[in-house]
Amino acid sequence: MTHPSFSRFRGVLGVALGLLLSVGCGQQSASLDSTEAEGSQDTALSRTKPKVRIAAGIRHSLAIRANGTVWASGNNTSGQLGRTGITNTSTPLQVPGLTNATSVAAGDEFSVALLSTGTVWTWGSNQTGQLGVPTSSTPDYGRAVPDQVPGLTGVVAIAAGYRHVLALKSNGTIWAWGENWNGQLGDGTNTARSTPLQVTGLTNVVAVVAQSLGSYAIRSDGTVWAWGFNRFNTLGREGADSAVPVQVQGLTNVVALSVGFAHALAVKSDGTVWSWGEILYGAPVSQPTPIQVPGLTGCVDVAVGRATSFAVKANGTVWSWGFNDRGQLGDGTRNIRSEPAQVPGLTGVSLVVAGDTHVLAMRTAGDIWAWGSNDDGERGDGGPSLYATPGLVQGSFPGALAVAAGATHSLLLATDGTVWSFGYNDSGQLGDGTTTRHTLPAQVPALQDVTAIAAGGNRSLALLSDGSVWQWGGPFNLLTPTLVPGLSDVTVIAIAVRESHALALGMDGKVRAWGENSSGELGDGTTTYRTTPVQVLGLENVMKVGAGRRTSYAIRYDGFAFAWGENGNGQLGDGTTTDRYTPVSISGLDNVTSIAGGAAYAMAVKADGTGWRWGTDNSYRASMPAVANGSLVPSPMSLQGVQEVVSSDDTAYAWDGNGVLWAAGANFYGQRGSGTRSVTSPPNQVVGITHGVTMVAAGNEHALAILPDGTVQSWGQNTDGELGRGVPTEALLPVSSLLD
């Protein structure tokens, strides 16, 4: 496999978790035999304590129980849980064949354990020799069975980066193996190694930390040394990567260290916390040398996740700041925080480890708590992960007439004309007057006689039988349905919405639009944001409308299709890549019956059942058609007999006359309904839907379908209960894990 691109690391932030050193008066010394509950590392974390009892990988977790056995939960793509025959689990499973473990570490799809004998054992992916054996010796670049790293003894601490491993021996030397693209093995080269070799020029080391593509060490004199990746100045200086250790300037008396993909934290013996790299408090800035984090004192440990930071105080409390898109700050919200604040309800903590977007905390009593994402069961709490196959939406609503999907919320139009909502609610998009999420459908108050619904981003729309349009959520955080102004002179018969803008089709055959207009998606000849609807210019006799991410589409009664807005990827289908502020005809399309737009592509169906697509085509977008490099004008799909198409930004759906629902494009959260998260070029049949659908709605990473009997099926991401299954995937506050 080629070296991963930086985009691969948008969620792959290496981290390290702090070391506690016992500090005496005057001279510093390091304790390598602490017996308190201790914790770990991942790609997203390398723990500096010599005995780390928990580890958080990108999407899997490890823990050592009191009897010395190792337990694992989460993703198992490469056998990193030590098992075969399963793809993921939220209930921890024992890793076979390991006893007397004292420390664990987790990289990208591989795991490492240190036994009391001083030997190191590895399992999972071996793409760059990170298991300590040649890639040729492991089938399919990996193995699910733990095995000893040959020729390595006397080890007292371990750390794992993205695809490399560090081992600290009792004599104070460091040994490294695995990927070396950025010099993270510290041998002066960029050559990957499948056997351990000694890091050049470092002795008297008391702790090791592995960043995704870098490596770090604390020496007995309290100084920090670093080598490898330096794009974000995490080596403590500006400049290129380094294949040999260099000292991080301005740091002394360090007792704990954690390093992420773009920033680092260190604790000094006086309990202060210091940060460098792309620092994440206050205004994000590049800081090549360590500076003190304001407002934090009395700290003994630190941890870094994906653009998140954690500090453990001597009083057992945990403090967090940084990104929070998956609830990983543990404060009950998803709000970014630039200053440290205490994680509520959590005391007596001795250790925190942070994965990509999930976090584990071990208390002095030995129990483990978790929060954040759970896409593969990485929290180990037995709770639901994502759903890669359709399942029934729960609740007491009447039969469904229509469904709509926003980014992380869903709407359902019932047969009695009421609207029901579920999922995330940060902007009021559920319309219940609060910002509290729902995991089961709940009726939107005060809405009756609704004939159509639409959702996009955090916006919700409803069309009533009297032709009025109501909106809630969105950029103005409308907590309850509010009448859209400026439409009193028209009877609206259809609506469409995306995260940035909305469309309304009048009985007069004209289209009105409002919202964001930076790419001309409102079609009024300008790029001016509109809070009230304006008429789309030059377009009449329209029978259908649709919205892409920053594009708009319309079908006229004569079957011709039109598009306007963003066009950098040819998604308007007019043969150019020029944004259009007014509608243009889509080249070569006639007799169009259905149209849908994504982030950088669009699709249409003609009356003869042929499907057509245009715009960007890659492994994530528009793989429904068999077009290798995209097209600026419509090209035929590989599917025939198509009735309808719908799309999210990166995932497309089509259903045919045989009752089969097809999906293509992105599948990171199982939104293709194939039972896996694999991305395949040909479209796949959505599992279990074989007798037709009456409607499909596509959210960012989830989907809904109404079956002919009026029941609703859902699948994909369930971060906030947007699948209506009763339990959300993400925990915004700490919950008890079963890993202990």
Side-chain angles (χ1 to χ4, degrees), residues 16 19 32-33 40-43 46-53 55 62 64 68 70 79-80 82 95 97-108 110-138 141-180 183-189 191-210 215-218 227-228 245:
L19 154 75
L32 294 179
D33 193 31
S40 120
Q41 96 89 51
D42 137 69
T43 263
S46 245
R47 177 66 181 160
T48 50
K49 281 190 181 178
K51 296 178 182 176
V52 204
R53 306 196 71 86
L62 303 172
I64 302 173
V70 177
Q80 61 263 44
V95 177
L98 288 178
T99 57
N100 301 316
T102 61
S103 187
V104 284
D108 177 56
F110 77 99
S111 303
V112 187
L114 172 64
L115 304 191
S116 59
T117 57
T119 58
V120 177
W121 295 65
T122 58
W123 63 101
S125 173
N126 193 38
Q127 290 181 320
T128 58
Q130 63 263 45
L131 299 189
V133 294
T135 57
S136 59
S137 67
T138 55
Y141 298 104
R143 63 166 186 252
V145 178
D147 203 357
Q148 184 177 343
V149 175
L152 193 64
T153 58
V155 176
V156 295
I158 54 175
Y162 183 69
R163 288 176 181 163
H164 77 288
V165 183
L166 304 175
L168 173 63
K169 287 193 174 185
S170 56
N171 62 5
T173 61
I174 303 174
W175 297 70
W177 64 96
E179 186 177 60
N180 198 26
Q184 56 263 52
L185 300 188
D187 66 344
T189 77
T191 303
R193 312 283 184 179
S194 60
T195 57
L197 53 83
Q198 186 174 345
V199 174
T200 303
L202 271 186
T203 57
N204 299 320
V205 175
V206 295
V208 288
V209 171
S215 302
Y216 296 78
I218 302 176
W227 58 101

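Please read these numbers as outputs of a predicted model, since none were measured by experiment.
The two residues Ala167 and Leu152 have their closest heavy-atom pair at CB-CD2, 4.0 Å. His164 and Ser215 get closest at one heavy-atom pair: NE2-OG, 3.0 Å. Contact between Trp177 and Gly129 at its shortest, heavy atoms only, is CD1-O, 3.4 Å. Closest of all the heavy-atom pairs between Gln130 and Val165 is O-CG2, 3.5 Å. Across Ala210 and Gly161, no two heavy atoms sit closer than the pair CB-N, 3.4 Å. Heavy atoms only, all atoms of each residue included: Pro196 and Pro150 are closest at CD-O, 4.3 Å.
In this structure, the side chains of Leu98 and Trp123 come closer than 4.5 Å at one or more pairs of heavy atoms. With contacts defined as side-chain heavy-atom distances shorter than 4.5 Å, the pair Thr138/Val133 qualifies. Taking 4.5 Å as the limit, every side-chain heavy atom of Leu62 sits out of range of all side-chain heavy atoms of Gln80. Proximity of Trp121 to Val149: side-chain heavy atoms (C-beta onward) are nowhere separated by under 4.5 Å. Residues Pro245 and Val199 are in side-chain contact: their nearest non-hydrogen atoms beyond the backbone lie under 4.5 Å apart. Between Trp227 and Thr200, the closest side-chain pair of non-hydrogen atoms is not below 4.5 Å.
Rounding to the nearest 0.5 Å places CG of Asn171 at 9.5 Å from OG1 of Thr203. Taking CG of Asn180 as the reference point, atom OG1 of Thr189 lies at 4.5 Å (rounded to 0.5 Å). Between Gln148 atom CD and Leu131 atom CG the span is 13.5 Å, to the nearest 0.5 Å. Distance CG/Leu114 to OG1/Thr102: 3.5 Å, rounded to 0.5 Å. Put simply, CG on Leu185 and OG1 on Thr128 are 8.5 Å apart, with the number rounded to the nearest 0.5 Å. One finds the CG atom of Leu202 at 10.0 Å from the OG1 atom of Thr173 (value rounded to the nearest 0.5 Å).
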Gln184 and Leu166: CA distance, side-chain angles, deciding distance, side-chain contact (heavy atoms from CB on, under 4.5 Å) verdict
CA-CA 9 Å; Gln184 56 263 52; Leu166 304 175; over 6 Å; no
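No donor-acceptor distance shorter than 3.5 angstrom exists from the side chain of Arg163 to the backbone of Phe110, with no hydrogens or angles considered.
A search for salt bridge (charged side-chain N to carboxylate O under 4.0 Å, His left out) contacts involving Arg193 returns Asp187, not counting sequence neighbours.
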